[in-house]
Amino acid sequence: QSQELSQVRIDYHAALQSLQEEGTRMVCTGKMHTDRICRFNYLCYSNEAEEFVFFHSNSSVMLPNLGSRRFQPALLDLSSVEDHNTQYFNFLELPAAALKFMPKPVFVPDVTLILNRFNPDNLMHIFHDDLLPIYYTMLQYPDLDQDARLVFMEGWNEGLHFDLYRLMSNKQPLLKEQLKNFGKLLCFTKSYVGLSKMTTWYQYGFVQPQGAKANILVSSMEIRQFTRFLMEKLNVSMEESSSGDEYIVVFSRTINRLILNEAELILALAQEFQMKTVTVSLDDHSFADIVQIISRASMLVSMHGAQLVTSVFLPRGALVVEIFPYAVNPDHYTPYKTLASLPGIDLQYVAWQNTNEENTVAFPDRPWDQGGIAHLEKAEQDHIMKSKEVPQHLCCRNPEWLFRIYQDTKVDIPSLIDAIRQTVKTKPNLKKAKPGIIVHPGKVRDPKCQASVQGTNEARLTVSWQIPWNLKYLKVREVKYEVWIQEQGENTYMPYILPHQNYTFSENIKPFTTYLVWIRCFFNKTLLGPFADVLVCRT
Ligand code: UDP
């Protein structure tokens, strides 16, 4: 391991000299600590202090230079989870002159991306908080290429799926613990610190109950581009399945939150949908095999849990069936529903909840983190046992939530099939056609209005415009226009939907009045364009 860094030879004396003379240089993007990513030359890390160090010299740069606001609360989030107080990044400052009295720095020659993984033992967290953000942070900065080095500072060991992190670049990622092997003072020649949050779709409930993020900025394009990258790295073939061998996948958990009648469920699904039905689990299959199997499945059935993030590998048109234990309201836990509803992702989604208390098996005597409640006061235990639904709560240690979510479930098969049938009438329909590319209209061009007065009470307003510039290059099923007419000074307007490029308005148009007219184009019912500059029309 310790040899690895020295494989790329750098001129040690030149590096040391520029660190001493130039010090650290930092330039960041982002207005707030929650959206900031910083690029550094010669950011150092003291293994002794377990702190990053910024060396000041006459030619250091620190942008933004926040002064002590850098500690309110931090320079940036080191993980993709927003504003989590265990995930903050900051550095200590020293004059470059202090280097003379410090251990000889060891230089890391690779371009490095420094970040915290959020929960590297949990597949949902691995994909949502780490892999997707790493992939798109690397895409944002071209020198973070396949030879970049990832450095994980959260302090965990490799975790259960370290192989997935290894796929992100050709260099072995480094853990915080391993930095010690390289010496007391480590200096990253060129590094980026922080992760893009652009691709995350879920907030885990640290400040308000968990749910979809308020402002989702990712669509299926980015998700599928990332899954194609991973599949290539995993050597999973991307050929589509041929029609006729459609199948259903049941992703089973083997340790807890079990489906107690899984065999019966598999038979019933196969029978009902006349499709082969296979099971996978993280114990019995390699991750690559799971991806291969899921990437051609028509339906993925699983208990609520991290393994459902593998829905990202489903083909377009497939159905996700998520099973919830007794007293767990599916509407309150929607990471996979939100995923299956991302714009353009083309997945169908069904949630089914066990509502029959007789079909649930709870484990009050297990440790608290597996849902045990024996450590609680008797009254609280009784209250939890009697409750029919977990009230909404914050992350992460709510005992009633843990108690309920770690129940095993005997699935009421007719009821589950019924729920699926409400969504898919025959067989789930895999989409063979390539997805339509989503293009929004441009502004309508050359908008004009002409007014005429018909009498003391009657007037007309003729509005016309040209098609958006990009329309002539597109095949669009349906092109329509929206026109808003507002009497100047009023704060309401009349909206119209029009199929053509001109229209004469006479209803509600008064003589000797000024109207403001906004026009925009939209494609296929929902793809709105921008409004053209407002027209001011006097009748
Ligand atoms: N896990 C598993 N089999 C099990 C239980 C858990 O493979 O029987 C995996 C699960 O997919 C996740 C990790 O172990 O990656 C942690 O599971 P946990 O129940 O803590 O989290 P959840 O699935 O509720 O997110």
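Given the structure is predicted, the values throughout are model-derived calculations rather than measurements. Note that the numbering runs from 1 along the sequence shown for the chain. In listed order, ligands and their atoms are each counted from 1.
Tyr333 and Phe324 have their aromatic ring centers separated by at least 6.0 angstrom. Trp401 and His393 have their aromatic ring centers within a separation under 6.0 angstrom. Taking the six-membered ring for Trp and the full ring otherwise, Phe52 and Phe40 have centroids separated by 6.0 Å or more.
The shortest distance between side-chain heavy atoms of Tyr406 and Phe363 does not fall below 4.5 Å.
Of all the heavy atoms in Thr227 and Val312, the pair that sits closest is CG2-O, 3.5 Å.
For Phe403, the ring-ring contact (aromatic ring centres under 6.0 Å, His included) test picks out no residue, with sequence neighbours left out.
Closer than 4.0 angstrom to ligand 1 lie heavy atoms from Asp121, Asn122, Leu123, Arg253, Thr254, Ile255, Asn256, Arg257, Leu282, Gly305, Ala306, Gln307, Tyr406.
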